[in-house]
2 protein chains.
Amino acid sequence: MYSIGEFSRISGLSIKALRLYHEKELLIPTLIDDQSGYRYYDHKNVERARIIKYLRDMEFSLSDIGEILKDANDEADVVEFFEKKKKEILSRIHQQKNIIKNLELIIKTEKEAVMALNHTEFEVEEKEFDTLLIAGVRYKGKYSDCGEAFKKISKAMGWNICGKPFNLYYDSEYKEEDADIETCMPVKKGKNVEGISVRELPGGKGVSLIHKGPYEALGRSYEKIMAYIKGKGYRPKLPTREVYLKGPGMIFKGNPENYLTEFLVVGIQ
Amino acid sequence: MYSIGEFSRISGLSIKALRLYHEKELLIPTLIDDQSGYRYYDHKNVERARIIKYLRDMEFSLSDIGEILKDANDEADVVEFFEKKKKEILSRIHQQKNIIKNLELIIKTEKEAVMALNHTEFEVEEKEFDTLLIAGVRYKGKYSDCGEAFKKISKAMGWNICGKPFNLYYDSEYKEEDADIETCMPVKKGKNVEGISVRELPGGKGVSLIHKGPYEALGRSYEKIMAYIKGKGYRPKLPTREVYLKGPGMIFKGNPENYLTEFLVVGIQ
DNA sequence: ATAAGGTCTGCCCTAAAGGGAGAGTCAATA
DNA sequence: TATTGACTCTCCCTTTAGGGCAGACCTTAT
């Protein structure tokens with residue numbers, strides 16, 4: 001006969017747990033002293049304690065364990081409990097993996113933004129651009145309409161999206177209203193659906209300038225890149241691109257002073 | 001201005017949750033009517049509610065969310081929270097995968113036992129046996145000593161074990177005490193360690209008989225297989241094998257009437 | 001006898017709400 | 001204006017599997 005402390009050391013279950021299991025009638029001491037109320041356990045309890053501990057380690061609830069111990073005398077009878085538990089855990093894992101995907105998306109976005117902030121001088125650069133598969137929605141309207149277009153593309157393309165969102169501007173002049181805009185996202189694959197065109201955007205030689213700061217001040221950087229192009233005698237090809245490297249995030253609006261936008265004129269001659 | 005019910009529909013948070021978030025000062029209504037105590041929300045609360053819901057979906061605790069909303073104004077500031085959360089979830093997934101492994105082990109064992117119970121007639125069969133890589137512990141003693149030997153092998157071989165445990169009997173006669181026994185488990189790979197020999201067990205033509213019932217009654221099946229061998233004029237080769245297809249399980253002792261043991265005499269001539 | 005240490009019950013605490021009681025409030029209708 | 005029905009308020013209890021603590025009681029050794 002073991003006192004509760006000894007039995008706790010034997011079974012690896014805490015005293016509190018043993019008292020709880022007694023209360024829930026999962027593990028009833030062999031003897032309870034009438035006078036003192038002391039619980040005494042013997043070797044027959046060891047086996048049952050081992051089973052309970054094992055099932056707790058498998059994360060069965062106490063009520064499940066109660067049912068298992070009540071209904072089952074043989075491993076064969078618990079298989080259905082185990083199958084059910086397995087399914088539960090698998091679906092839990094699935095859910096957690098989705099969360100991780102979401103977390104990683106934001107982590108990655110931020111890391112890239114920090115890299116961009118650290119490693120560029122925000123000067124005009126000439127670069128070679130690859131052809132890019134994109135999903136785009138083209139419309140005439142205002143810049144601010146692009147939010148809705150992004151939502152539409154996100155919904156339609158889901159996990160196929162593989163890069164930063166951007167706008168293509170088809171007007172050769174600056175237009176406040178009624179501008180000819182195509183809102184785009186790079187994709188791995190995808191099909192044309194109502195209003196969304198999936199196609200290749202040609203690459204080639206181009207110039208790039210990263211703009212740091214609020215969107216209201218984009219004009220200055222626009223002038224700068226155009227002045228560079230003119231200075232070099234290039235003839236810019238439409239559409240121009242505006243890539244939103246870092247803007248208002250999925251969670252916070254963020255500080256507009258840290259927004260990063262990349263102007264691209266691809267296909268200079 | 002929205003009442004709590006309207007705001008609940010807008011934000012997708014339950015009324016109970018909104019009241020809780022108010023109490024925890026995570027989401028404070030724009031106006032609280034002095035007379036009635038009614039909470040009123042406006043559009044400025046919508047954004048914060050969206051963030052809170054998003055973070056709850058990522059399974060952040062309310063206190064974490066409080067810290068995030070207090071300390072951070074920008075996505076960049078939350079990256080460390082996200083990294084930490086990601087680590088937590090990954091370790092949780094790891095743990096759950098281990099549980100699943102354990103569950104599957106028992107499920108598989110039981111399914112195989114059920115198959116064995118259904119598909120054999122418990123008659124002597126002649127079969128061809130493959131060579132088997134095993135880890136074995138050899139000793140002189142009683143049958144009941146094998147439990148400890150199995151524990152030793154399990155501990156040393158871990159996840160390399162790939163089949164049912166069995167004993168090899170090297171005595172040509174039945175011995176109660178001081179029998180020459182080798183306790184074995186099939187393994188995928190492994191090295192000789194103190195007391196455990198990892199090697200190939202030769203296969204070949206052999207006879208098999210499955211015994212259903214308690215170990216005490218093994219004698220009858222032993223006689224049966226020996227009678228068969230004698231009747232065919234085979235000369236049995238030592239050691240004989242006793243494979244424990246289903247015995248007392250990891251959880252329950254089970255019903256001995258359903259224990260399954262396979263006798264094998266491999267290498268008949 | 002006394003002291004030390006073990007054990008008892010009972011109460012409160014955790015996280016994130018959900019459920020319900022009983023009272024008060026708002027808005028529309030008769 | 002009165003009433004009705006739908007909302008909302010606060011307060012309290014419940015969930016899980018125990019942990020922590022207080023004050024009382026018990027066992028065992030010296």
Side-chain angles (χ1 to χ4, degrees), chain A residues 1-42 45 48-49 51-69 85 88-89 92 95 99, chain B residues 1-42 45 49 51-69 85 88-89 92 95-96 99:
Chain A
M1 296 287 260
Y2 311 110
S3 71
I4 197 169
E6 290 167 328
F7 192 70
S8 163
R9 265 164 266 140
I10 290 169
S11 62
L13 296 164
S14 73
I15 291 179
K16 277 284 186 185
L18 287 172
R19 293 208 262 248
L20 181 67
Y21 299 165
H22 179 192
E23 190 193 319
K24 302 227 166 196
E25 303 187 338
L26 289 176
L27 183 61
I28 298 169
T30 313
L31 176 76
I32 297 145
D33 189 301
D34 281 355
Q35 248 69 38
S36 65
Y38 274 33
R39 297 169 179 85
Y40 293 98
Y41 297 82
D42 71 4
N45 289 313
R48 199 170 167 99
I51 295 175
I52 293 176
K53 188 168 162 50
Y54 180 82
L55 293 173
R56 281 297 298 140
D57 288 346
M58 301 287 113
E59 299 185 0
F60 282 95
S61 70
L62 294 188
S63 64
D64 279 350
I65 293 175
E67 273 191 76
I68 292 175
L69 291 174
K85 195 76 196 170
E88 277 173 32
I89 296 180
R92 193 75 242 287
Q95 188 187 343
I99 293 175
Chain B
M1 295 286 259
Y2 311 109
S3 70
I4 198 170
E6 290 167 327
F7 192 69
S8 164
R9 265 163 265 139
I10 291 169
S11 62
L13 296 164
S14 73
I15 292 178
K16 280 282 184 185
L18 288 172
R19 293 208 264 247
L20 181 67
Y21 299 166
H22 179 192
E23 190 193 318
K24 301 227 166 196
E25 302 186 340
L26 289 177
L27 184 61
I28 297 169
T30 313
L31 175 76
I32 297 145
D33 189 300
D34 281 355
Q35 247 69 37
S36 64
Y38 274 34
R39 297 170 178 84
Y40 292 99
Y41 298 82
D42 71 6
N45 290 311
I51 295 174
I52 293 176
K53 189 168 160 53
Y54 181 83
L55 293 172
R56 281 297 298 141
D57 287 346
M58 301 287 112
E59 298 185 359
F60 281 96
S61 68
L62 293 188
S63 64
D64 280 350
I65 293 175
E67 273 190 75
I68 291 174
L69 291 175
K85 195 75 196 169
E88 277 173 32
I89 297 181
R92 193 76 242 288
Q95 188 188 344
Q96 288 168 331
I99 292 175

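Everything numeric here is computed off the predicted structure, so don't read it as measured data. First the proteins, then the strands, lettered A, B, ... as listed; each starts at 1.
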Phosphate OP1/OP2 of C/dC26: any B/S3 side-chain N/O under 4.0 Å: no
Test side chain to side chain contact (heavy atoms under 4.5 Å, CB included) applied to B/N45 and B/Y2, step by step: CA-CA 10 Å; B/N45 290 311; B/Y2 311 109; over 6 Å; no
Using atom names, set out every protein N or O paired with an N or O of nucleotides 13-16 of chain C below 3.5 Å, distance rounded to 0.1 Å.
{"unit_1": "C/dA16", "atom_1": "OP1", "unit_2": "B/L62", "atom_2": "N", "d": "3.1"}

Candidates B/Y41, B/Y40, B/Y38 - the one meeting side-chain contact (heavy atoms from CB on, under 4.5 Å) with B/L31: B/Y40
d(NE2, A/H22; C1', C/dT7) in whole Å: 14 Å
Nearest-Å distance for atom pair CG/P, residues B/L31 and D/dC9: 12 Å
Separation of C/dC26 P from B/I4 CD1 (nearest whole Å): 15 Å
Shortest non-hydrogen separation from B/M58 to A/I99 and the atoms involved: O-CG2, 3.8 Å
A/T30 side-chain N/O to A/D42 backbone N/O, donor-acceptor pair under 3.5 Å: yes
B/L69 side chain near B/I52 side chain, heavy-atom distance below 4.5 Å: yes
Donor-acceptor contact below 3.5 Å, side chain B/E6 vs main chain B/S3: yes
Partners meeting side-chain contact (heavy atoms from CB on, under 4.5 Å) with B/R19 (sequence neighbours left out): B/I4, B/I15, B/R39
Can you check nucleotides 28-30 of chain D for protein contacts, nitrogen or oxygen pairs under 3.5 Å, and list what you find?
none

Rounded distance (Å) that lies between atom C1' of D/dT27 and atom CE of A/M1: 15 Å
From CG (B/L18) to CZ (B/F7), nearest 0.5 Å: 6.5 Å
B/S61 versus B/R56, closest heavy-atom pair with distance: CA-NH1, 4.0 Å
Minimum heavy-atom distance A/E59-A/K85, with the two atoms named: O-NZ, 2.8 Å
Separation of C/dA27 P from B/Y2 OH (nearest whole Å): 16 Å
Nearest heavy-atom neighbours spanning B/G37 and B/I32: O-CG2, 4.0 Å
Verdict with reasoning, A/I68 to A/I51, per side chain to side chain contact (heavy atoms under 4.5 Å, CB included): CA-CA 10 Å; A/I68 292 175; A/I51 295 175; over 6 Å; no
Tabulated below should be each protein N or O lying under 3.5 Å from an N or O of nucleotides 22-25 of chain C; please produce it.
{"unit_1": "C/dG24", "atom_1": "N2", "unit_2": "B/Y38", "atom_2": "OH", "d": "2.8"}
{"unit_1": "C/dT25", "atom_1": "O2", "unit_2": "B/Y38", "atom_2": "OH", "d": "3.4"}

B/D33 CG to D/dT10 C1', straight-line distance once rounded to whole Å: 15 Å
Strand contacts (DNA chain D) in residues 6-19 of chain A, 4.0 angstrom heavy-atom criterion: A/S14, A/K16, A/A17
Partners meeting side-chain hydrogen bond (donor to acceptor under 3.5 Å, both in side chains) with B/R9 (sequence neighbours left out): none
